[in-house]
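There's a structure below that I have some questions on.
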Amino acid sequence: MQNQVKVGIIGAGPAGIAAAVQLKRSGIFPLLFEKERVGGLLHNACLVENYPGFPGGIGGKKMVSLFQEHLDHYSIVPLYEEVMKVKPGQQQWQLFSQKDRYHLDYVIIATGTQPCTGDFASSSPRVLYEVYPLLDKKDCLIGIIGGGDAAFDYALNLSQKNMVEVVYRSRQPRCLPLLHQRAKKNPRITLYSEKRLKAILEENQKLQVLLDNSKSRHIERKWDYMVLAIGREPTFPEIIQGADDMISSTLFFAGDVKNGSYRQTAIAVGQGIESAMRIFFEEKKG
Ligand SMILES: Cc1cc2nc3c(=O)[nH]c(=O)nc-3n(C[C@H](O)[C@H](O)[C@H](O)COP(=O)(O)OP(=O)(O)OC[C@H]3O[C@@H](n4cnc5c(N)ncnc54)[C@H](O)[C@@H]3O)c2cc1C
């Protein structure tokens, strides 16, 4: 019975992967859609220290490779297609990807978040919004704008091979105190508190960056790259609303896409598993 149930999972980050594995264990073979790469945001994480089972922490990249092994173990091969739209049909959902249209009994949205660009949206290859494209760089001077956990995690990651400067607006950064302490102790990281990004200019293969403080004193910096870590917002395909009962019993959201300030891997994994279990119980009810 379960083999005929059609489930689509959008996003192969921790939430989508956990849902896919749980469904497969229940005898349901899901379609797992991924627009970029398996592992989602974890590709950016320097050290994940709060995932049970890894007392010394585990690097984001290593965690992604273990998640990939888990998918392989259950013979789950993602479909590398971006999902553009999810729309209710007569009794099933219609899912439109760039390549095809699918008819599904259940859909799990596990699409995570995308970076906020603020007033400094830039198409320059020297201005980035995530850190993974820079992980092979060395001996560069890299500026990071932001005072949250992601900004400090990026700084600690990049400082292994580069010099890093972190700029944030408040006196104390918003990140976990332990990340702040590590950054303060790191000779390859300089912290600029109470500073704002004012302007960016690209010149001679460098970014010419103007910072100012509340007294409008300007500081000029020359960086090879800059990473803007000024927040993230949920990312969705277009979801066409349908009958409410169909939405509540056959459409699920799991992971960072719905978690507001509570964006953590273990939470995303738990919600992926919960969505899969709800689908299994729904099917058992008949
Ligand atoms: C620097 C940094 C450090 C972190 N450190 C920690 C930590 O120490 N501990 C911790 O618990 N968490 C940490 N996190 C958070 C953790 O990475 C996230 O909570 C987790 O990845 C969320 O999983 P998710 O599956 O909900 O979303 P994501 O990981 O964002 O995955 C979503 C996936 O959906 C795909 N997708 C999106 N839209 C579509 C579409 N339309 N069609 C197809 N695919 C789509 C994306 O490409 C992506 O692969 C960190 C994050 C960052 C950035």
Side-chain angles (χ1 to χ4, degrees), residues 11 13 34-46 59-61 64 80 82 84 98 111-170 173-175 179 183 186 188-214 216-237 256 263:
E34 173 51 50
K35 69 172 177 175
E36 277 178 81
R37 66 192 82 75
V38 162
L41 206 50
L42 272 182
H43 284 273
N44 292 282
C46 178
K61 270 186 153 179
V64 170
Y80 286 95
E82 179 168 5
M84 317 307 289
Q98 307 142 298
T111 40
T113 54
Q114 60 195 355
C116 301
T117 52
D119 298 333
F120 292 97
S122 167
S123 55
S124 163
R126 296 189 173 273
V127 179
L128 295 105
Y129 301 90
E130 291 186 1
V131 85
Y132 68 88
L134 294 179
L135 293 179
D136 291 332
K137 299 283 174 207
K138 58 176 192 178
D139 303 328
C140 294
L141 179 58
I142 302 176
I144 296 176
I145 308 291
D149 287 350
F152 276 71
D153 190 274
Y154 290 165
L156 292 163
N157 209 347
L158 291 171
S159 70
Q160 293 170 38
K161 298 188 209 151
N162 305 278
M163 300 301 285
V164 180
E165 299 186 343
V166 188
V167 178
Y168 46 95
R169 291 188 298 189
S170 48
R174 279 180 295 109
C175 66
L179 295 179
N186 187 323
R188 300 171 74 86
I189 299 178
T190 307
L191 302 180
Y192 289 90
S193 63
E194 298 181 272
K195 306 279 179 297
R196 280 169 191 268
L197 176 63
K198 197 77 184 149
I200 321 167
L201 204 73
E202 194 167 348
E203 214 172 56
N204 301 330
Q205 317 267 326
K206 294 257 182 208
L207 292 170
Q208 182 113 16
V209 176
L210 195 62
L211 310 173
D212 71 3
N213 62 15
S214 53
S216 290
R217 287 205 191 98
H218 296 315
I219 299 170
E220 276 185 30
R221 304 301 304 144
K222 276 195 180 146
W223 291 334
D224 296 297
Y225 296 94
M226 177 170 85
V227 185
L228 279 157
I230 53 172
R232 301 187 65 89
E233 57 192 12
T235 176
F236 296 103
D256 280 13
R263 295 181 187 150

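Values below: every heavy atom of this structure, side chains too, minus hydrogens, waters and symmetry copies.
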- Is the shortest side-chain N to carboxylate O distance from E194 to R169 below 4.0 Å?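 Answer for the salt bridge query: no.
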- Is a side-chain donor-acceptor pair under 3.5 Å present for E220 with Q208?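 Short answer, yes.
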- Please report the closest heavy-atom contact between S122 and Y129, naming both atoms and the distance. N-OH, 2.9 Å
- Query: Given the rule in the side-chain contact (heavy atoms from CB on, under 4.5 Å) test, do L156 and L179 qualify, once you have shown the distances and angles that lead to the verdict?
  - Reply: CA-CA 8 Å; L156 292 163; L179 295 179; 3.9 Å; yes
- Calculate, to the nearest 0.5 Å, the distance between atoms CD and OG belonging to E202 and S123 respectively.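 Result: 9.0 Å between the selected atoms.
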- Take atom NZ in K61; do more than 12 heavy atoms of anything else shown fall under 6.0 Å from it?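 Counting other residues, nucleotides and ligands, NZ of K61 stays at 12 neighbours or fewer.
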- Message: With a sphere of 6.0 Å drawn around CD of E233, does it hold more than 12 non-hydrogen atoms of other residues, nucleotides or ligands?
- Response: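 Yes, because the 6.0 Å sphere around CD of E233 holds more than 12 heavy atoms from other groups.
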- Message: Tell me the closest heavy-atom pair linking G146 and V166, and the distance in Å.
- Response: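 Scanning both residues completely, I find the closest heavy atoms to be O-CG1, 3.4 Å.
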- Item | Check: L207 and K222 side chains under 4.5 Å, non-hydrogen atoms |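 Side-chain contact under 4.5 Å: no.
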- Task: Please tell me if the side chains of L128 and L134 come closer than 4.5 Å, counting only heavy atoms from C-beta onward.
- Result: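 SC-SC contact between L128 and L134 confirmed.
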- Message: Main chain of H218, side chain of D212: is a donor-acceptor contact present, judged purely on distance under 3.5 Å?
- Response: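 It does not hold such a pair.
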- Query: Would you say I230 and I145 make side-chain contact, with heavy atoms under 4.5 Å?
  - Reply: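 Answer yes - side chains close enough.
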- Minimum heavy-atom distance R126-D224, with the two atoms named: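 The pair with the smallest heavy-atom distance is NH1-O, 2.8 Å.
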- Over all atoms of both residues, closest heavy-atom pair of Q98 and E82: OE1-N, 2.7 Å
- Item | Nearest heavy-atom neighbours spanning T111 and P237 | CG2-CD, 4.0 Å
- Taking side chain as C-beta onward, heavy atoms only, is Y80 less than 4.5 Å from V38? yes
- Task: May I ask you to check whether over 12 heavy atoms, not counting those of R188, lie within 6.0 Å of atom CZ?
- Result: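 Yes, the 6.0 Å shell around CZ holds more than 12 heavy atoms from other groups.
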- Task: List for me each residue that meets side-chain hydrogen bond (donor to acceptor under 3.5 Å, both in side chains) alongside E36, sequence neighbours excluded, and say none if there are none.
- Result: none
- Closest heavy-atom contact between A151 and G147?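 Of all heavy-atom pairs spanning A151 and G147, the closest is CB-N, 4.1 Å.
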- Message: Any non-hydrogen side-chain atom of M226 less than 4.5 Å from a side-chain atom of I200?
- Response: yes
- Message: Could you check whether any side-chain heavy atom of P234 comes within less than 4.5 Å of a side-chain heavy atom of R263, counting everything from C-beta outward?
- Response: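 Contact flag for P234/R263 side chains = yes.
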- Message: I'd like to know if the side chain of D256 and the backbone of G112 have a donor-acceptor N/O pair within less than 3.5 Å.
- Response: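 No, because the side chain of D256 does not come within donor-acceptor range (under 3.5 Å) of the backbone of G112.
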- Any chance the side chains of T190 and E165 put a donor and an acceptor closer than 3.5 Å?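 Checked: T190/E165 side chains show no N/O donor-acceptor pair below 3.5 Å.
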- In Å, rounded to the nearest 0.5 Å, how long is the span from CD of Q114 to OG1 of T235?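 Here the rounded value is 4.0 Å.
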- Step-by-step side-chain contact (heavy atoms from CB on, under 4.5 Å) determination, L197 to V167: CA-CA 8 Å; L197 176 63; V167 178; 5.9 Å; no
- Sequence neighbours excluded - side chain to side chain donor-acceptor pair (under 3.5 Å) pairs with any residue from residues 132-146: R37-Y132, K137-Y225
- Query: Under 3.5 Å, is there a donor-acceptor pair between the side chain of K195 and the main chain of S193?
  - Reply: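 Looks like yes, one N/O pair under 3.5 Å.
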- Task: State, yes or no, whether a side-chain contact exists between I219 and R221 at a heavy-atom distance under 4.5 Å.
- Result: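 Yes, close enough: below the 4.5 Å cut-off.
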- Return each pair, listed once, that meets side chain to side chain donor-acceptor pair (under 3.5 Å) where at least one residue sits in residues 141-160; pairs must be two or more places apart or across chains. S159-N186
- Query: Salt bridge between R232 and E130, side-chain N to carboxylate O under 4.0 Å?
  - Reply: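 Salt bridge between R232 and E130, a charged N being under 4.0 Å from a carboxylate O: yes.
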- Item | L158 side chain near I144 side chain, heavy-atom distance below 4.5 Å |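 Result yes, sub-4.5 Å side-chain heavy-atom pair found.
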